[in-house]
Asker: 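Got a structure for you, questions after.
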Amino acid sequence: MDFELPIYPENQAAMKKYMQSQFEFNGVKAPDHHLIERELWQSVKQLPPAEIM
């Protein structure tokens with residue numbers, strides 16, 4: 001299973017500036033991130049443990 005967060009360039013600069021340029025960001029805001037994370041966990045729950053690792 002491949003998983004990547006979407007990239008929102010319009011949010012990347014502000015997020016990087018907020019963290020004083022210590023990290024790179026995809027620009028995904030928290031509400032969107034949590035929704036994506038919830039969907040991911042629902043799909044992962046059905047996989048056998050060996051495949052998750």
Side-chain angles (χ1 to χ4, degrees):
M1 167 186 266
D2 284 337
F3 175 74
E4 286 187 35
L5 284 173
I7 296 175
Y8 298 112
E10 64 274 8
N11 299 333
Q12 286 178 317
M15 291 178 171
K16 186 174 181 176
K17 182 178 178 183
Y18 177 76
M19 293 302 291
Q20 299 175 352
S21 300
Q22 293 180 21
F23 308 102
E24 295 294 324
F25 291 90
N26 283 357
V28 179
K29 293 189 175 185
D32 295 332
H33 175 82
H34 295 306
L35 180 63
I36 293 167
E37 189 176 72
R38 195 172 307 126
E39 292 171 359
L40 174 68
W41 280 116
Q42 290 302 318
S43 64
V44 169
K45 283 182 183 178
Q46 299 174 18
L47 296 174
E51 194 170 331
I52 294 172
M53 295 308 223

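Numbering of residues begins at 1 and proceeds along the displayed sequence.
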Asker: Does atom CD of Q20 have more than 12 heavy-atom neighbours from other groups under 6.0 Å away?
Answerer: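 Result for CD/Q20: open.
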
Asker: Show me the side-chain donor-acceptor pairs of residues 5-13 shorter than 3.5 Å, one per line, residues at least two apart or across chains.
Answerer:
residue : atom : partner : partner atom : Å
N11     : ND2  : G27     : O            : 2.8
Q12     : NE2  : F25     : O            : 2.9

Asker: Rounded to the nearest 0.5 Å, what's the gap from CG on L35 to NZ on K29? Could you check?
Answerer: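 One finds 15.5 Å between CG of L35 and NZ of K29.
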
Asker: Please list, chain by chain and in numerical order, all residues satisfying salt bridge (Lys or Arg N to Asp or Glu O under 4.0 Å) with E24, sequence neighbours excluded.
Answerer: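 K16.
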
Asker: Enumerate the residue pairs fulfilling salt bridge (Lys or Arg N to Asp or Glu O under 4.0 Å) with a member in residues 30-41, sequence neighbours excluded, ordered by first and then second residue.
Answerer: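 Qualifying pairs: none.
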
Asker: Do L47 and W41 sit in one hydrophobic cluster, given that two such residues count as connected whenever their side-chain heavy atoms are within less than 4.5 Å of each other, even indirectly?
Answerer: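 In one cluster with L47: W41, yes.
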
Asker: Decide whether M19 and V28 are clustered together by the hydrophobic rule: side chain heavy atoms of Ile, Leu, Val, Met, Phe, Trp, Tyr closer than 4.5 Å, transitively.
Answerer: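 Each belongs to a different hydrophobic cluster.
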
